[in-house]
2 protein chains.
Amino acid sequence: MKQKQQQKSYATREKILTAAEAEFAEKGFYGARVDAIAEASGVNKRMIYAHFESKEKLYSRVLLAVYERFADLDESFMTEDESPIACIRNIVIGSFQSLAESPHLVRSLMWANLMRGNLMPKSDLAKVKAPGIEYIKKQIARGKEMGVFKPDADEYQTVLSLMNFCFSYFSNLHTMSAILETDMNTAEQINKRAEYITSIILEYLCI
Amino acid sequence: MKQKQQQKSYATREKILTAAEAEFAEKGFYGARVDAIAEASGVNKRMIYAHFESKEKLYSRVLLAVYERFADLDESFMTEDESPIACIRNIVIGSFQSLAESPHLVRSLMWANLMRGNLMPKSDLAKVKAPGIEYIKKQIARGKEMGVFKPDADEYQTVLSLMNFCFSYFSNLHTMSAILETDMNTAEQINKRAEYITSIILEYLCI
DNA sequence: AAAAAAAGTAACTAAACGGTTATTTTTCTG
DNA sequence: CAGAAAAATAACCGTTTAGTTACTTTTTTT
């Protein structure tokens with residue numbers, strides 16, 4: 001009952017996706033080479049077209065996976081049993097840790113920004129990220145109810161900060177390291193920054 | 001005394017650079033096409049190679065100009081006669097305004113980050129940005145001396161924030177607009193964010 | 001085990017691309 | 001204004017690249 005065949009087909013599909021993600025993350029859509037993906041995955045180029053029609057569709061498919069993994073990172077900090085302050089702290093520290101471990105992801109999202117929605121998967125980034133956003137909003141609301149956060153603290157701006165302040169440390173690593181003449185890509189520097197971001201956001205939020 | 005010739009030569013050089021900057025900003029190094037630059041500038045392709053040897057050297061040359069314009073933006077906020085608080089505010093508001101007006105610049109710097117120093121001009125980003133950095137440090141020091149800023153406020157982290165918080169609003173416009181389901185690229189949203197960034201940084205700095 | 005179907009391979013193609021050559025036009029110099 | 005020098009043009013070239021074709025091998029079905 002056609003098992004071996006399906007398994008092999010699935011395996012090559014995965015091999016292609018893995019290699020493609022690395023290639024696209026490294027070189028972007030235009031710089032990536034289909035032949036390079038074929039070689040890196042150990043799969044015949046023909047098979048890439050058999051599974052994913054075109055380079056563009058493959059990119060789109062890869063990006064979909066990237067988005068999902070990006071959203072999955074949020075789960076690391078989505079705990080319920082702690083104080084709002086502890087939760088905000090977990091979001092920042094957790095995000096820094098996750099992003100530090102996923103340079104491919106950071107690069108893929110940077111390429112996506114530069115593509116301005118071109119060759120983007122139909123699936124909504126909004127949808128996959130919604131639970132994470134909701135969680136953040138909930139913690140802010142909880143902090144306000146509990147009287148530890150300022151009642152007029154801007155929820156929308158805070159959500160944006162929590163995402164941008166963490167992400168931009170990694171997306172601008174190269175330029176900023178050059179400008180500030182430091183190697184910002186060390187555990188020590190990353191931890192310091194995470195602590196600082198935690199404190200600047202909490203200082204804004206807390207009464 | 002060979003004037004007309006020099007003038008024309010200089011003019012075509014500039015036409016090439018202008019077209020190249022737009023093309024590279026839009027598509028990146030790999031996506032940009034030399035033929036497209038030739039056509040957009042109305043200059044024969046041969047002339048591109050006469051002036052700039054190769055596509056890579058042209059890119060490097062364009063990036064040099066980008067870096068300089070990036071540094072030039074700093075001059076818009078480098079005033080001396082105001083209070084440290086007003087100066088910090090000017091930095092943020094000025095940066096938001098400048099970046100909002102220079103989408104090409106933002107994109108070029110994003111590409112530069114993704115290139116990780118590859119094909120970069122020799123000229124140091126650190127050098128051109130130094131005056132702006134110095135200015136910021138000076139204002140922080142002045143604020144501390146005057147007793148309006150906390151003595152233990154982290155200078156380095158604040159410099160990084162002033163740069164990253166402004167830049168990342170624009171570099172992540174697309175992704176964030178998608179996630180938050182808002183058009184963040186409107187004057188109103190940009191101004192709101194600039195005000196918020198001003199206040200969060202000042203809240204951290206001020207006693 | 002034979003026929004059918006799916007997976008995989010290698011060699012190929014047409015177009016695009018970075019870069020060049022051969023030539024003409026324009027400008028400068030004496 | 002003649003000859004040299006520089007600027008500009010168009011047509012071309014070798015490679016690379018996304019995508020395909022024709023063929024072989026493996027797996028499934030009957």
Side-chain angles (χ1 to χ4, degrees), chain A residues 1-63 111 114-115 118-121, chain B residues 1-63 111 114-115 118-121:
Chain A
M1 51 311 246
K2 59 170 176 171
Q3 272 222 347
K4 216 166 179 177
Q5 209 163 67
Q6 273 184 9
Q7 262 169 32
K8 278 188 83 175
S9 179
Y10 180 78
T12 57
R13 202 188 149 86
E14 288 304 300
K15 276 192 277 182
I16 294 168
L17 279 172
T18 305
E21 193 180 315
E23 176 79 1
F24 283 129
E26 195 53 37
K27 313 235 183 98
F29 177 75
Y30 295 114
R33 299 295 165 227
V34 178
D35 291 274
I37 295 169
E39 206 190 352
S41 59
V43 160
N44 191 282
K45 182 161 67 153
R46 172 69 233 279
M47 286 294 98
I48 294 177
Y49 289 94
H51 281 279
F52 316 86
E53 214 166 328
S54 67
K55 186 187 180 183
E56 308 196 358
K57 294 217 169 126
L58 173 59
Y59 181 73
S60 179
R61 185 55 253 269
V62 164
L63 220 50
W111 294 118
L114 281 163
M115 295 292 239
N118 207 14
L119 308 182
M120 262 13 170
Chain B
M1 49 312 247
K2 58 171 176 170
Q3 272 222 347
K4 216 168 182 176
Q5 209 164 68
Q6 274 184 9
Q7 263 169 33
K8 278 189 85 174
S9 179
Y10 180 79
T12 58
R13 201 188 149 87
E14 289 304 300
K15 276 193 277 183
I16 294 168
L17 279 173
T18 305
E21 194 179 314
E23 175 79 1
F24 283 128
E26 196 53 37
K27 313 236 184 100
F29 177 74
Y30 295 114
R33 299 295 163 227
V34 177
D35 290 273
I37 295 169
E39 206 190 352
S41 58
V43 158
N44 190 282
K45 182 159 69 152
R46 173 68 233 280
M47 286 294 98
I48 294 176
Y49 290 94
H51 281 280
F52 315 87
E53 216 166 329
S54 68
K55 186 188 180 184
E56 308 198 356
K57 295 218 168 125
L58 173 59
Y59 181 72
S60 179
R61 186 54 252 270
V62 164
L63 220 49
W111 293 117
L114 280 163
M115 295 292 241
N118 208 12
L119 307 181
M120 263 14 170

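Letters A, B, ... are given to chains in the order of the sequence lines, protein chains preceding strands, and every chain is numbered from 1. Since this is a predicted model, take the numbers as computed values, not measurements.
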- Item | Donor-acceptor pair, side chain of A:Ser60 and main chain of A:Glu56, under 3.5 angstrom | no
- Message: I need the CD1-P distance between A:Ile48 and D:dT17, as an integer number of Å.
- Response: 14 Å
- Query: For the side chain of B:Asn44, counting heavy atoms from C-beta on, which of C:dC17, C:dA10, D:dT9 is nearest?
  - Reply: D:dT9
- Query: When you check the phosphate oxygens OP1 and OP2 of C:dG19, does a side-chain N or O of B:Arg46 lie under 4.0 Å from one of them?
  - Reply: no
- Message: Is there a side-chain contact between A:Leu63 and A:Leu119 in this structure, where contact means two heavy atoms from C-beta onward sitting under 4.5 Å apart?
- Response: no
- Message: Just to verify, what does A:Tyr59 make a ring-ring contact (aromatic ring centres under 6.0 Å, His included) with, not counting sequence neighbours?
- Response: A:Phe24, A:Phe29
- Query: Taking CZ from A:Arg13 and P from C:dA6, how many angstroms apart are they, rounded to a whole number?
  - Reply: 16 Å
- Between atom NZ in A:Lys57 and atom P in D:dA18, what is the gap in whole Å? 17 Å
- Message: Nearest to the side chain of A:Tyr49, heavy atoms from C-beta on, is which of D:dG19, D:dA10, D:dT27?
- Response: D:dG19
- Message: Does a side-chain N or O of B:Thr12 approach OP1 or OP2 of D:dA8 to a distance below 4.0 Å, or not?
- Response: yes
- How is B:Ala32 classified with respect to the nucleic acid when contacts are heavy atoms under 4.0 Å: base, sugar-phosphate, or nothing? sugar-phosphate
- Donor-acceptor contact present, side-chain A:Arg33 to main-chain A:Tyr30, <3.5 Å: yes
- Selected nucleotide, minimal atom distance to A:Lys8 side chain, candidates C:dG8, D:dA18, D:dA10: C:dG8
- Taking B:Lys15 for its side chain and B:Tyr10 for its backbone only, find out whether a donor-acceptor pair lies under 3.5 Å. no
- Task: Using whole Å, report how far CD1 of A:Ile16 lies from P of C:dA7.
- Result: 11 Å
- Query: Ignoring hydrogens and angles, are the base of D:dA10 and the side chain of B:Lys45 linked by a donor-acceptor pair under 3.5 Å?
  - Reply: no
- Task: Round to a whole Å and report the spacing from CZ of B:Phe52 to C1' of C:dG19.
- Result: 16 Å
- Choosing from C:dA7, D:dA18, D:dA22, which nucleotide comes nearest the side chain of A:Ser9? C:dA7
- So, does the side chain of B:Lys55 form a donor-acceptor pair with the base of C:dG19 at under 3.5 Å? no
- Can you tell me how far P of D:dT15 sits from CZ of A:Arg33, to the nearest Å? 17 Å
- Task: Provide, to the nearest angstrom, the distance between the CD atom belonging to A:Gln7 and the P atom belonging to C:dA6.
- Result: 17 Å
- How many Å lie between CE on B:Met47 and P on C:dT26, as a whole number? 14 Å
